[in-house]
Amino acid sequence: MYKIIVASHGPMAQGMKESLEFVMGPAENVSALCLDGEGISKFTENAKKLINECTEREILVMVDLLFGSPFNEFSKLAATYDGKMEIISGVSLPALVEAVSCQDDGDSIEIAIPQIKKSATMKTLKEVIEEEDKNDDDE
């Protein structure tokens, strides 16, 4: 099993965790970390605490922006982490729900990441209907 950390600029990460818990119930193995007015030093200090408190050997960090401050800080920490840490940018509620579902199933990070990325793909209603029609024709 892996630990999930959602990190963002502003309160987005906490809102994502609250929304996740609204949909799926308590998410005790998911932590939220927000970069706020306390600055990057405090954010990094709190990130280190989360990592050090982690009992799992694998950590999945889901951040808001590729190469944003949360991504950059966790990248630095990943370089020194003794276990396995993966960082995914562009966190969304569907991706977070899938990450928790995979986590609940006992999947490793390697198995979970492709599923998480697929669940985060944006689709229009038209695309969904076309896919369903195509799948109906294949049967």
Side-chain angles (χ1 to χ4, degrees):
M1 182 184 285
Y2 51 89
K3 169 76 173 175
I4 299 172
I5 299 172
V6 182
S8 70
H9 296 85
M12 180 181 155
Q14 186 59 41
M16 295 284 289
K17 182 173 183 193
E18 290 170 9
S19 295
L20 170 74
E21 290 180 334
F22 182 79
V23 172
M24 298 187 74
E28 296 173 12
N29 209 23
V30 176
S31 297
L33 183 59
C34 303
L35 176 56
D36 57 19
E38 293 184 334
I40 196 70
S41 298
K42 187 67 172 176
F43 177 88
T44 303
E45 178 184 322
N46 289 334
K48 286 178 184 177
K49 284 181 188 175
L50 282 174
I51 291 169
N52 290 335
E53 293 170 358
C54 184
T55 58
E56 293 80 7
R57 299 291 299 154
E58 294 185 325
I59 300 175
L60 176 61
V61 181
M62 302 179 81
V63 299
D64 53 357
L65 298 172
L66 182 64
F67 301 120
S69 298
F71 178 93
N72 293 339
E73 291 306 303
F74 273 102
S75 294
K76 292 175 199 173
L77 295 172
T80 62
Y81 182 61
D82 195 26
K84 179 165 184 59
M85 184 185 302
E86 286 288 348
I87 304 169
I88 296 178
S89 64
V91 65
S92 66
L93 186 56
L96 183 55
V97 167
E98 186 65 26
V100 171
S101 293
C102 290
Q103 181 189 60
D104 289 345
D105 290 344
D107 293 340
S108 67
I109 287 179
E110 286 82 21
I111 292 170
I113 286 178
Q115 294 172 238
I116 295 165
K117 289 170 63 177
K118 184 178 179 183
S119 71
T121 303
M122 294 176 65
K123 295 182 181 181
T124 65
L125 176 59
K126 181 180 177 182
E127 291 169 327
V128 171
I129 292 169
E130 288 172 355
E131 284 178 13
E132 287 178 1
D133 288 344
K134 182 180 176 185
N135 290 336
D136 288 344
D137 291 343
D138 292 342
E139 293 177 12

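Positions are given from 1, in the same order as the sequence printed here. Small disclaimer: the values here were computed from a predicted structure and weren't measured.
The one candidate from M85, Q103, E110 that meets the side-chain contact (heavy atoms from CB on, under 4.5 Å) condition with E58 is E110. Just one of L77, T80, V61, D82 meets the side-chain contact (heavy atoms from CB on, under 4.5 Å) condition when paired with I51; it is L77.
For the pair L33 and P70, the minimum side-chain heavy-atom distance is 4.5 Å or more. Side-chain atoms of I116 and L60, non-hydrogen and from C-beta on, do get closer than 4.5 Å to each other. A heavy-atom distance below 4.5 Å is found between the side chains of F74 and I5. Between S75 and I87, the closest side-chain pair of non-hydrogen atoms falls below 4.5 Å.
Cluster membership check: M24 shares its hydrophobic cluster with V6, using side-chain heavy-atom separations under 4.5 Å among Ile, Leu, Val, Met, Phe, Trp and Tyr. Note on I59: it does not cluster hydrophobically with I88, by side-chain heavy-atom contacts below 4.5 Å among ILVMFWY residues. Linking ILVMFWY residues whenever their side-chain heavy atoms come closer than 4.5 Å, directly or via other members, leaves M62 and L66 in distinct clusters. In terms of hydrophobic clustering, with Ile, Leu, Val, Met, Phe, Trp and Tyr side chains grouped at heavy-atom distances under 4.5 Å, I111 and M1 are assigned to different clusters. V63 and F67 fall within the same hydrophobic cluster, where Ile, Leu, Val, Met, Phe, Trp and Tyr residues are linked whenever their side-chain heavy atoms come under 4.5 Å apart, directly or through other members.
The structure places CD1 of I129 at 4.0 Å from CG of L125, a figure rounded to the nearest 0.5 Å. Note that the NE2 atom of H9 and the CG atom of L35 stand 5.5 Å from one another [nearest 0.5 Å]. Between the OG atom in S119 and the CD atom in Q115 there is a gap of 8.5 Å [rounded to 0.5 Å]. Once rounded to the nearest 0.5 Å, the distance linking OG of S19 with CE of M12 reads 10.0 Å. To the nearest 0.5 angstrom, N135 atom CG is 8.0 Å from E132 atom CD. Put simply, CG on D64 and OG on S8 are 5.0 Å apart, with the number rounded to the nearest 0.5 Å.
Nearest heavy-atom pair, C34 versus G10, reported as atom, atom and distance to 0.1 Å: CB-O, 3.1 Å. Summarising the geometry of S92 relative to M16, their closest heavy-atom pair is C-CE, 3.1 Å, with the distance given to 0.1 Å. Shortest non-hydrogen contact noted between K17 and A32 is CB-CB, 4.2 Å. Taking every heavy atom of both residues into account, K123 and V128 meet most closely at CB-CG2, 4.1 Å. Closest non-hydrogen pair, A112 versus Y2, comes out as CB-OH, 3.5 Å. Across every non-hydrogen atom of L93 and L20, the tightest pair is CD1-N, 3.8 Å.
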Contacts table for residues 38-47: side-chain donor-acceptor under 3.5 angstrom, sequence neighbours left out:
residue, atom, partner, partner atom, Å
T44, OG1, I40, O, 2.9
T44, OG1, E73, OE1, 2.7
N46, ND2, K42, O, 3.3

- Message: Walk me through whether E130 and K134 qualify under side-chain contact (heavy atoms from CB on, under 4.5 Å).
- Response: CA-CA 6 Å; E130 288 172 355; K134 182 180 176 185; over 6 Å; no
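Of the possible donor and acceptor atoms, one in the side chain of E127 sits under 3.5 Å from a partner among the backbone N and O of T124.
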